[in-house]
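For reference, the structure is listed below as structure tokens.
A quick note: this is a predicted structure, and the numbers were derived from the prediction, not measured. Note that ligands are numbered from 1 as they come in the structure, with each ligand's atoms numbered from 1 the same way.
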Amino acid sequence: MKINNRLSSIREYHFKGIDDIKNKLIAEGKEITDLGIGDPDIEVHKDIIKGLIESLRYDDFNRYPPYDGINGLKKAIIKYYREIFQVSLDMDEVLILIGSKEGISNIIPAVCDIGDYVIVPNPRYPVYEMCSYIWGCKPYKVPLKEKNNYLIDLSNVPDVIRKRSKLMIVNYPNNPTGATADKKFYDEILKYCVENGIVLCNDSAYNEIIREGKEPISLLQVDLKKQAVEFGTFSKTFNMTGFRIGYAVGNREVLKALLNVKSNLDSSQFKPIQYSAIRALSIDRDYVNSIRKIYDDRRKIAESILNEKGISFYKGDGTFYIWCKVPNNYTTDEWCQELLSLYGIIVTPGYAFGDLGHGCFRIALTKGKGVIYKSLNKLKVYN
Ligand SMILES: Cc1ncc(COP(=O)(O)O)c(C=O)c1O
């Protein structure tokens with residue numbers, strides 16, 4: 001049997017392999033704390049559940065939804081962008097997605113031809129690289145460096161790549177580093193992309209997961225002509241990872257191309273999930289602040305223990321991740337293995353996000369503060 005050659009460049013999704021190891025250890029009776037995947041443990045707000053259940057009584061709940069999403073959800077996202085970011089959007093500047101992962105993948109064939117380059121960060125959310133290969137494109141990986149606060153530095157893109165690139169994907173607040181971007185940075189990369197005919201996308205999955213007191217920002221705040229696209233999701237802010245609902249906003253031509261791809265691949269998300277997302281956006285903003293406080297408290301505890309244990313880390317303002325350095329004298333694998341075998345802790349090895357992640361590991365603050373305290377406190381002092 002012959003399999004697509006391009007799949008030889010593609011690894012199994014890291015977290016699928018980890019699930020298999022975890023399930024085996026649990027079956028053997030080991031106590032495991034999973035600080036690996038970014039799947040929040042926080043309860044889903046009751047209004048979201050209510051929205052889901054109530055919409056099951058609508059006459060047409062079981063029918064095909066519109067390909068671009070239901071109007072009510074598009075309007076709710078328009079209102080959200082207006083109130084939070086002071087950005088106004090038209091209906092055709094919003095597209096509903098089956099989770100943002102889906103849209104991030106499908107925007108590649110929407111914009112690029114086979115063989116085109118996609119500029120992506122290194123380290124990065126793995127989907128940008130893997131889906132570039134799946135769709136027959138070439139990811140060009142630009143280093144993110146701590147000395148630049150993990151902001152992408154485009155002076156590292158050679159002219160020949162710049163000319164052959166059609167798409168750039170950035171991600172702030174950033175997974176895995178926790179770094180955030182400011183409007184000046186967005187302005188600079190937008191100028192670069194516009195000058196070079198490259199479609200800029202910001203994956204803003206963690207736009208609301210920022211330290212308390214910080215302002216959420218959007219790429220579209222500097223993109224007055226709507227030349228770029230921003231992806232968002234309900235997964236992280238509203239603990240809806242399994243609900244699979246996200247959106248893309250911004251340039252209408254690009255969204256039309258994305259819808260063209262999507263309408264041939266899927267038929268949008270189950271309507272009740274879309275209705276529950278409308279409810280999510282109508283919850284009082286105190287809720288979002290309470291989520292930030294939960295992660296801030298967890299972060300404080302984790303950071304203080306890591307300091308005591310001699311493990312250094314980047315102090316970012318966003319996401320619920322901590323990007324840490326592997327202690328001296330360990331390879332990344334030896335270290336992650338030691339955390340699992342001695343302390344029962346699963347973390348993500350930095351190389352799961354690209355080769356520049358070697359020597360680093362990521363902690364997800366997706367367990368309660370008691371669990372974080374108990375598990376990290378088991379570590380001896382390193383370095
Ligand atoms: C940076 C980033 N973008 C997108 C996603 C995907 O989110 P969704 O659940 O909307 O597909 C994730 C999930 O971990 C992520 O970390």
Open item on the list: For the 3.5 Å polar cut-off, considering only N or O atoms, please tell me whether Thr233 and ligand 1 meet it.
Closed with: yes
Task: Parallel, tilted or perpendicular, as decided by the 30° and 60° cut-offs, for the rings of Tyr125 and Tyr128 - done: perpendicular
- [ ] From atom 13 (C) of ligand 1, work out which of Lys101, Arg124, Glu102, Lys236 has a heavy atom at the shortest distance.
- [x] Lys236
Task: Any N/O pair Tyr128/ligand 1 closer than 3.5 Å - done: no
Task: Contacting atoms of ligand 1, where contact means under 4.0 angstrom from a heavy atom of Asn171 - done: 1 (C)
Open item on the list: Before you tell me yes or no, could you show the steps for Tyr206 and Tyr321 under side-chain hydrogen bond (donor to acceptor under 3.5 Å, both in side chains), namely the whole-Å CA-CA distance, both residues' side-chain angles and the distance that decides it to 0.1 Å?
Closed with: CA-CA 10 Å; Tyr206 301 88; Tyr321 302 117; 2.5 Å; yes
- [ ] Could you check whether the rings of Tyr287 and Phe238 sit parallel, tilted or perpendicular, using 30° and 60° as the cut-offs?
- [x] parallel
Task: Backbone or side-chain N or O of Asp203 under 3.5 Å from ligand 1 N or O - done: yes
Open item on the list: When you compare the side chain of Arg244 with that of Phe270, does any pair of heavy atoms fall below 4.5 Å?
Closed with: no
Open item on the list: Need the ligand 1 atom indices (1-based, order shown) with element for anything under 4.0 Å from a heavy-atom of Gly99.
Closed with: 10 (O), 11 (O)
Open item on the list: Please list, in number order, the atoms of ligand 1 under 4.0 Å from a heavy atom of Arg244.
Closed with: 8 (P), 9 (O), 11 (O)
- [ ] Within a distance under 4.0 Å of any heavy atom of Ser235, pick out the atoms of ligand 1 and give their elements.
- [x] 8 (P), 9 (O), 10 (O)
TODO: Could you point out which residue of Lys183, Lys184, Lys191 forms a salt bridge (charged side-chain N to carboxylate O under 4.0 Å, His left out) with Asp187?
DONE: Lys191
Task: Interfacing atoms of ligand 1 (cut-off 4.0 Å, heavy-atom, Ala205) - done: 2 (C), 3 (N), 4 (C)
Task: Residue part near ligand 1, for Tyr206, under 4.0 Å between non-hydrogen atoms - done: side chain
